[in-house]
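Quick note on labels: first sequence line is chain A, next is B, and so on, each numbered from 1.
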Amino acid sequence: MKESEEINKPESQHFIEQAIEKDLAEGRNGGRIHTRFPPEPNGYLHIGHAKAICLDFGMAEKYGGKCNLRFDDTNPTKEDVEYVDSIKEDIQWLGFTWEEREFYASDYFGKLWEFAVSLIKRGLAYVDDQSAEAISGQKGTTTQPGTESPYRSRSIEENLDLFYRMNEGEFEEGSRVLRARIDMASPNMHMRDPIIYRILNTPHHRTGTKWKVYPMYDFAHGQSDYFEGITHSLCTLEFEVHRPLYDWFIDQLKTDDYRPRQIEFNRLNLTYTVMSKRKLLELVKDNVVSGWDDPRMPTLCGLRRRGYTPESIRRFVDLIGYTKVEAINDVSLLEYAIREDLNKRAPRVFGVLNPLKVIITNYPEGETENMEILNNPEDETQGKRLVPFSREIFIEKEDFMENPPHKFFRLAPGQEVRLKGAYIIKCNGVKKSDVGEIEEVHCTMDPATRSGGPDSDRKVKGTLHWVSAAHALDAEVRLYDRLFSDEDPSGHKDVDAREFLNPGSLSVLTGCKVEPSLAGSGPLTRVQFQRIGYFCTDYDSRPGKLVFNRTVGLKDSWAKQNK
RNA sequence: UGACCCAUGGUGUAAUUGGUAACACGUCUGAUUUUGGUUCAGAAGAGUCGGGGUUCGAGCCCCUGUGGGUCAACCA
């Protein structure tokens with residue numbers, strides 16, 4: 001039955017899978033599939049990278065191939081080992097492995113140098129002595145062809161000599177570059193004699209001061225693919241115009257039938273979320289956030305600390321798909337993915353964000369009962385826990401109203417509610433302070449309504465969570481409205497990320513009370529506080545205090561109704 | 001006033017490659033429920049950017065227009 005359904009409903013493939021299967025069918029590259037994930041170690045990975053990671057590793061997995069991890073470290077001025085380590089950690093956290101295939105573009109500096117020399121010898125590259133301004137001035141515009149550099153037809157010997165001397169440290173940064181000799185009139189700007197090597201005096205995090213010249217992205221990426229035997233070089237849409245140049249270099253390099261192929265897909269955009277690495281770096285450097293792993297950040301480590309599971313992120317990526325459309329994905333889909341996952345795995349516990357004391361006047365003073373409660377009603381294998389109950393408890397302030405509107409199902413004078421896992425109680429009155437604030441709610445309980453008791457199936461309008469005042473643990477809770485503010489920066493061009501990370505998106509609640517069963521729960525323990533939402537214990541806890549980050553809220557139709 | 005890419009419910013994707021628009025999220029009902037959660041049942045919502053053409057038949061092919069994106073870093 002199930003099988004026939006699967007047969008009738010074939011998995012639809014995205015265009016990249018189709019392209020790969022076509023290549024496979026045509027026997028290209030000997031039927032090999034080999035991809036790579038090529039981050040530049042200049043920042044932390046964010047959820048946008050997760051989309052690329054899932055594709056690169058996913059395609060290799062699906063088609064019995066391999067996926068390399070390759071750090072695209074051709075610009076020492078921006079890169080650092082700190083980032084290398086975090087990137088590796090995040091990929092593994094997502095559940096992928098590159099096995100022993102950890103590579104660096106800088107591994108190929110020697111080969112790249114030789115290839116450049118070979119291009120010079122073939123008259124396909126030359127040293128240009130002009131300034132950056134002069135070169136860009138000659139580039140022409142998108143509608144007008146460029147003009148040729150006066151150095152374009154230097155002799156091979158002179159080019160060779162100059163290129164060697166560039167790498168000896170004889171010339172200043174910016175004084176000379178090596179350019180590919182292609183076509184200054186090409187309608188594609190990238191083909192107008194692109195710069196392929198520049199002089200940089202910053203020491204490289206891996207090769208130190210060995211090199212004085214460094215290859216540009218276009219002169220490193222495709223060749224690195226070629227050196228590694230990559231068959232499918234998957235990248236984002238903005239590299240589409242680079243493809244002719246990618247192919248041009250491969251043409252000059254290849255010696256047999258093997259050739260890597262670049263395929264572009266749409267990058268991940270999320271509503272209300274700033275995704276630019278440069279802007280995220282600003283937030284970190286200016287201490288607007290506590291670090292790359294601040295739970296408000298869309299970085300993988302930020303999401304992790306916020307309580308997102310790797311499964312939920314992979315599921316989300318799966319849901320949004322791969323196309324060539326510049327899409328903006330709604331965060332609600334991400335939130336759905338984490339809710340779906342946590343709903344299955346997170347144990348339910350009681351917690352009270354804004355405590356309101358309830359005194360059960362007919363409950364004996366000093367007595368304590370341990371209520372046995374299912375950790376997850378949908379999954380009995382998660383067991384039960386004992387929650388202490390006593391005369392004085394806390395409930396959520398929001399769960400009591402002195403003058404309730406119509407259809408308010410919770411506690412109010414004269415109204416009955418069930419305390420989940422315990423008794424049905426009825427409110428008889430309140431005690432107010434001099435200024436009229438409600439300090440205590442006075443209730444009576446019905447012993448026969450204890451969970452499992454004779455009258456336990458009596459229907460009441462609402463069920464509240466609660467925490468015994470004497471047993472409750474202090475906690476600090478951080479609520480995040482969204483990753484960023486209500487205004488949607490994803491549609492804006494050059495936004496200042498700070499403007500969108502408004503302080504209102506984070507509120508820190510102290511004086512919160514949680515169930516004693518939470519004592520000693522380690523960092524990144526994910527729980528669902530009944531009626532409040534899904535939370536994650538933070539490793540940033542201070543001694544003696546439990547700190548929770550809200551992962552995502554519950555769907556709350558009552559709140560929605562009353563907006 | 002160029003090259004390349006893109007256009008399907010509010011959002012993201014599908015459509016056996018030319019056979020009469022499907023799925024998920026979101027939204028809205030209703031039922032169950034010791035979480036106003038979950039689960040379950042159901043509904044509304046696009047006729048596929050416009051205009052031509054080919055065809056018995058077009059979301060898929062062709063032409064043309066419109067709209068959007070990318071490209072003129074010694075960044076990746």
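Counting heavy atoms from C-beta on, the side chains of A:K461 and A:V417 never come closer than 4.5 Å.
Not a single donor-acceptor contact under 3.5 angstrom links the side-chain atoms of A:T323 to the base of B:U13. The base of B:U35 lies outside donor-acceptor range of the side chain of A:R531, with no N or O pair under 3.5 Å. Side chain A:Q530 to base B:U35: a donor-acceptor pair is found below 3.5 Å.
Between A:E17 atom CD and B:U13 atom P the separation is 14 Å, expressed in whole Å. With rounding to whole Å, A:M216 atom CE is found 7 Å from B:A73 atom C1'. Rounded to whole Å, the distance from CZ on A:F15 to P on B:A15 is 13 Å. Taking atom CG of A:N329 as the reference point, atom C1' of B:G10 lies 14 Å away to the nearest angstrom. Here the P atom of nucleotide B:G68 and the CG atom of A:N269 are 17 Å apart, to the nearest Å. Summarising the geometry, the separation between NE2 on A:H190 and P on B:G2 is reported as 18 Å, rounded to the nearest angstrom. One can place CG of A:L342 at 19 Å from P of B:U35, the figure rounded to the nearest angstrom. Regarding A:M166, its CE atom lies at a distance of 13 Å from the P atom of B:C74, rounded to whole Å.
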#### Entry: Structure string for RNA chain B in dot-bracket form, Watson-Crick and G-U at under 3.5 Å, | interchain
.((((((..((((.....[..)))).(((((.......))))).....(((((..]....))))))))))).....
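More than 12 heavy atoms of other residues, nucleotides or ligands shown are found within 6.0 angstrom of NZ on A:K212.
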### Task
Summarise protein proximity over nucleotides 24-30 of chain B in one line of letters, 5' to 3': B for base, S for sugar-phosphate only, - for none, counting protein heavy atoms closer than 4.0 Å.
SSSS---
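Using a 30° and 60° split on the angle between ring planes, A:H204 and A:Y214 fall in the parallel class, below 30°. Between A:Y104 and A:F71, the ring-plane angle classifies as parallel under the 30° and 60° cut-offs.
At the phosphate of B:A15, neither OP1 nor OP2 sits under 4.0 Å from any side-chain N or O atom of A:S12. Within the structure, every side-chain polar atom (N or O) of A:T74 is placed at least 4.0 Å from both OP1 and OP2 of B:C75. At least one side-chain nitrogen or oxygen of A:N266 sits closer than 4.0 Å to the OP1 or OP2 atom of B:U13. Using a 4.0 Å cut-off, some side-chain N or O of A:R198 falls inside it from OP1 or OP2 of B:C75. Between A:T143 and B:A3 there is no side-chain N or O to OP1 or OP2 distance below 4.0 Å.
Taking the syn range as angles within 90° of 0, the glycosidic angle of B:A72 is outside it, so the base is anti. Annotated as anti: B:U32, whose glycosidic dihedral deviates from 0 by more than 90°. For B:G47, the glycosidic angle deviates from 0 by 90° or less, giving a syn base.
Residue A:Q18 is classed as a base contact, given a heavy-atom separation below 4.0 Å to a base. Note on A:E340: nothing from the nucleic acid sits closer than 4.0 angstrom, heavy atoms only. No contact: A:R243 has no heavy atom under 4.0 Å from any strand. The residue A:G452 sits close to a base: some heavy atom pair falls under 4.0 Å. Counting non-hydrogen atoms under 4.0 angstrom, A:K459 reaches the backbone sugars and phosphates but no base. At a threshold of 4.0 angstrom between heavy atoms, the contacts of A:G421 include nucleobase atoms, whether or not backbone atoms are also involved.
Remark: the separation of the C1' atoms in B:A22 and B:U64 is 31 Å, to the nearest Å. Using atom P as the reference point in both B:G51 and B:C60, the two lie 12 Å apart (nearest Å). The P atoms of B:U48 and B:G9 are separated by 10 Å, rounded to the nearest whole Å. On the P atoms, B:U39 is 30 Å away from B:A21, given to the nearest whole Å. Nucleotides B:G69 and B:C61 are separated by 25 Å at their C1' atoms, to the nearest Å. Nucleotides B:A46 and B:C5 have their P atoms positioned 32 Å apart, rounded to a whole Å. B:U35 and B:A24 have their P atoms separated by 26 Å, given to the nearest Å. Here the separation of B:A73 from B:U55, taken at their P atoms, is 49 Å to the nearest Å.
The pair A:D72-A:R36 fails the salt-bridge criterion, with no side-chain N (NZ, NE, NH1 or NH2) lying under 4.0 Å from an Asp/Glu carboxylate O. At a threshold of 4.0 Å, the pair A:E311-A:R345 counts as salt-bridged, since one of the basic side-chain nitrogens sits closer than that to a carboxylate oxygen.
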Can you pull every protein N or O that's under 3.5 Å from an N or O on nucleotides 6-9 of chain B?
none

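Taking only side-chain atoms of A:M189, from C-beta outward, the nucleotide of B:U35, B:C71, B:G36 with the closest atom is B:C71. The side chain of A:N75 approaches B:A76 more closely than any other nucleotide in the set B:U34, B:A72, B:A76. Side-chain proximity of A:P187 to the nucleotides B:G2, B:G36, B:G37 is greatest for B:G2.
Side chain to side chain, A:S149 and A:Q130 meet the donor-acceptor criterion of an N or O pair below 3.5 Å. Between the side chains of A:Y534 and A:E335, not a single donor N or O lies within less than 3.5 Å of an accepting N or O. Remark: the A:T449 side chain and the A:D455 side chain contain no N/O donor-acceptor pair separated by less than 3.5 Å. Between the side chains of A:Q262 and A:E264, a donor-acceptor pair is found at a separation under 3.5 Å.
A centroid separation of 6.0 Å or more is found between the aromatic rings of A:F316 and A:Y336. In this structure, the ring of A:F529 has its center no less than 6.0 angstrom from the ring center of A:F350. Annotation: A:F15 is not in aromatic contact with A:Y322 [ring centroid separation under 6.0 Å not met]. Taking the six-membered ring for Trp and the full ring otherwise, the centers of A:W466 and A:F389 sit less than 6.0 Å from each other. Residues A:W113 and A:Y164 place their aromatic rings such that the two centres sit under 6.0 Å apart.
Sequence order on RNA chain B of the closest nucleotides to A:I320 and A:D73 puts A:I320 first from the 5' end. Where A:G453 and A:F239 meet RNA chain B, the nucleotide closest to each residue was compared, and A:G453 sits on the side nearer the 5' end.
Heavy atoms only, all atoms of each residue included: A:N159 and A:Y126 are closest at OD1-CA, 3.5 Å.
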